[in-house]
Peer 1: 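Please find one structure pasted underneath; my questions will follow.
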Amino acid sequence: MASNVLSTLRERCQGVRYFSLALDESTDVKDTAQLVIFFRGVTDNLDVVEEFLQLVPLKGTTTGADVLCAVLKCVDEMGLDLAKLPAVTTDGAPAMVGSTKGFASLLTKHCRDLGHQQDIVRFHCIVH
């Protein structure tokens, strides 16, 4: 049953024309940082797809590089094409929005290194 749900989630997410990600990092009661990743996409028919993708525990540090690594792993597991990513939404933590080592900056650099030339619009604190 779980593999069917995951397969359906992948199909829904891969079937969009463009998508954005929304991220929020918080600490749970056991002092473990948890990163939540949400997906919002739009199909060619202008249908909106919104899904909760993953809740990722971040062990140790929670730097922009750590968040990027977790997000890229999720993107890879879902089979998403970063060329279809025009926007990300994050909380206001320096690890998310820092101008050089923040997640959003590192993601933009990563996409450029892959040859994607789209500008990634960054939204701040809309998740809350």
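The basis for the numbers below is simple: all heavy atoms, side chains too, and nothing from hydrogens, waters or symmetry mates.
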Peer 1: To the nearest 0.5 Å, tell me how far R17 CZ sits from T43 OG1.
Peer 2: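 These two atoms lie 10.5 Å from each other.
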
Peer 1: Between side-chain atoms of residues 65-82 and protein atoms elsewhere (two or more places apart, or another chain), which donor-acceptor pairs fall under 3.5 Å?
Peer 2:
from: D66; atom 1: OD2; to: T61; atom 2: OG1; distance (Å): 2.4
from: D66; atom 1: OD2; to: T62; atom 2: N; distance (Å): 3.4
from: D66; atom 1: OD2; to: T63; atom 2: N; distance (Å): 3.0
from: D66; atom 1: OD2; to: T63; atom 2: OG1; distance (Å): 3.0
from: E77; atom 1: OE1; to: Q54; atom 2: NE2; distance (Å): 2.6
from: D81; atom 1: OD1; to: A83; atom 2: N; distance (Å): 3.0

Peer 1: Could you report the tightest heavy-atom contact between V42 and L46, atom names first, then the distance?
Peer 2: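 Shortest heavy-atom separation between V42 and L46 comes out as CG2-CA, 3.6 Å.
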
Peer 1: Rounded to the nearest 0.5 Å, how far does CG of L106 lie from CE of M96?
Peer 2: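 One finds 11.5 Å between CE of M96 and CG of L106.
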
Peer 1: Is any side-chain heavy atom of L21 closer than 4.5 Å to one of I37?
Peer 2: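 Yes. Closest side-chain heavy atoms under 4.5 Å.
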
Peer 1: About how many Å separate CD of E51 and CZ of R12, when rounded to the nearest 0.5 Å?
Peer 2: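 Here the rounded value is 4.5 Å.
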
Peer 1: Closer than 3.5 angstrom, by distance alone: can the side chain of T108 be matched with the main-chain N or O of A104 as a donor-acceptor pair?
Peer 2: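 Side chain of T108 to backbone of A104: a pair is present.
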
Peer 1: Test your reading of the model: is there a side-chain donor-acceptor pair from R112 to the backbone of Q117, 3.5 Å cut-off?
Peer 2: yes

Peer 1: In chain order, what residues pass the salt bridge (Lys or Arg N to Asp or Glu O under 4.0 Å) check against E11, with sequence neighbours excluded?
Peer 2: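 Expected list: none.
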
Peer 1: Could you tell me whether the side chain of R122 reaches within less than 4.5 Å of the side chain of S105, counting heavy atoms only?
Peer 2: yes

Peer 1: If we ignore hydrogens and angles and just use 3.5 Å, is the side chain of T8 paired with the main-chain N or O of N4 as donor and acceptor?
Peer 2: yes

Peer 1: Provide the full list of ring-ring contact (aromatic ring centres under 6.0 Å, His included) pairs with a residue in residues 49-84, sequence neighbours left out, each pair given once.
Peer 2: F38-F52

Peer 1: Run the side chain to side chain contact (heavy atoms under 4.5 Å, CB included) test on C111 and I120 for me, step by step, so that the C-alpha distance in whole Å, both residues' side-chain angles and the decisive distance to 0.1 Å come before the verdict.
Peer 2: CA-CA 9 Å; C111 287; I120 298 177; 3.7 Å; yes

Peer 1: Taking all heavy atoms of L35 and all of L23, pick out the closest pair and write down the distance.
Peer 2: CD1-CB, 4.1 Å

Peer 1: Donor-acceptor pair, N45 side chain versus D47 backbone, under 3.5 Å?
Peer 2: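 It does not hold such a pair.
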
Peer 1: Write down the atom of V16, the atom of K84, and the distance for their closest heavy-atom approach.
Peer 2: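 What the structure gives for the nearest pair is O-NZ, 3.2 Å.
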
Peer 1: Any link between L107 and V97 through a network of hydrophobic side chains (Ile, Leu, Val, Met, Phe, Trp, Tyr) touching at under 4.5 Å?
Peer 2: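 Yes, it is one cluster - the side chains of L107 and V97 are joined through contacts under 4.5 Å.
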
Peer 1: If you look at every heavy atom in P57 and T32, which pair is closest and at what distance?
Peer 2: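 Residues P57 and T32, closest heavy atoms: CB-CG2, 4.1 Å.
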
Peer 1: Once you round to the nearest 0.5 Å, how far does OG1 of T27 lie from CD of E25?
Peer 2: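 Here the interatomic distance stands at 5.5 Å.
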
Peer 1: Could you check whether any side-chain heavy atom of L85 comes within less than 4.5 Å of a side-chain heavy atom of F19, counting everything from C-beta outward?
Peer 2: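 With C-beta onward as the side chain, the pair touches.
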
Peer 1: Where do C13 and L53 come nearest, in terms of heavy atoms and distance?
Peer 2: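 For C13 and L53, the tightest heavy-atom pair comes out as SG-CD2, 3.8 Å.
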
